[in-house]
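Here the structure comes first, spelled out in structure tokens, and everything after it is commentary.
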Amino acid sequence: MLLTESIKANFPVFAEDDLLSEMEKYCVVKNLEVGKSLIDIGEEVVSVPLIMKGTVKVVREDADGNELLLYYLNQGDTCASLLTCCMNKTLSEVKVTVLEDVSVLMVPIRIMDEWMRKYTTWRNFVMLSYRERMEQLLVTIDSIAFKKMDERLLLYLQQRSSELNTNILCGTHQEIADDLHTSREVISRLLKQLERMGRINLSRNKIEIISLV
DNA sequence: ACATTAATTGTGT
DNA sequence: ACACAATTAATGT
């Protein structure tokens with residue numbers, strides 16, 4: 001009842017009553033605070049999170065613990081990588097950590113096979129999540145491979161502001177630098193340039209976007 | 001309200 | 001990349 005309502009509110013695509021009542025029956029809501037981990041690399045994927053509120057960060061990691069940002073997930077999103085792990089019954093390829101307190105709907109893996117067959121809306125949701133994530137990752141990979149840092153930063157700001165649907169991004173220059181694998185100074189200087197061009201406004205822990213085009 | 005401290009940001013080399 | 005200065009926010013008194 002209450003759960004169904006919040007599912008509807010956050011994932012309007014799930015309109016089928018049967019699917020909704022099964023969700024109500026099998027899924028659980030998890031609330032996690034900043035810094036908590038949803039899943040780590042190598043762990044078994046027992047359920048897939050649908051984000052109802054908050055933000056998480058999905059990363060890969062190399063042997064020495066250097067993190068590679070894959071993508072952020074916000075309200076209405078789910079993790080494409082975990083979906084594949086789920087369907088192939090493989091261990092998690094990614095680490096998912098909470099960036100802003102989240103409330104997630106955990107969909108148990110065992111029920112998903114059935115839903116894929118039974119519910120068109122579920123299947124479509126999964127496929128769409130894949131497609132969108134794949135497209136976004138391709139753009140990101142292109143920018144890593146072919147673009148200079150100034151353009152990569154621009155793309156980063158664009159992606160984050162459109163994901164969150166806001167002109168104001170919170171966080172430090174250091175965090176951006178970590179995401180883009182560069183030094184804080186480089187980011188500070190590039191941001192300063194953008195500010196001088198009148199395209200953003202800077203203040204502590206905050207970037208206000210005026211125009212990125 | 002003021003002083004102290006810590007964190008973040010700016011800049012020259 | 002490093003070193004240091006400047007600025008800002010947080011905290012104690």
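Numbers restart at 1 for each chain; the letters A, B, ... are given by sequence-line order, proteins then strands.
- By the side chain to side chain donor-acceptor pair (under 3.5 Å) test, Y71(A) pairs with no residue at all, sequence neighbours left out.
- Residue pairs meeting the side chain to side chain donor-acceptor pair (under 3.5 Å) criterion with at least one member in residues 38-50 of chain A, sequence neighbours excluded, do not occur.
- Pairs engaging residues 155-185 of chain A under the ring-ring contact (aromatic ring centres under 6.0 Å, His included) rule: none recorded [sequence neighbours left out].
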Listed pairs under 3.5 Å, donor-acceptor, residues 200-213 of chain A side chains, sequence neighbours left out:
none

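- Residues passing the ring-ring contact (aromatic ring centres under 6.0 Å, His included) test with F14(A), sequence neighbours excluded: F11(A), W122(A), F125(A).
- Applying the side chain to side chain donor-acceptor pair (under 3.5 Å) rule to Q174(A) yields the partners D178(A); only residues at least two apart in sequence or on another chain are considered.
- Scanning for side-chain contact (heavy atoms from CB on, under 4.5 Å) contacts around V186(A) gives M149(A), T182(A), S183(A), L190(A), with sequence neighbours left out.
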Problem set entry | Letter per nucleotide, 5' to 3', of nucleotides 7-13 of chain B [B base touched, S only sugar-phosphate touched, - untouched; heavy atoms, 4.0 Å] | BSBBBBB
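- The span of DNA chain C lying next to chain A, judged by atoms under 4.0 Å from heavy atoms, is bounded 5' to 3' by dA1(C) to dA9(C).
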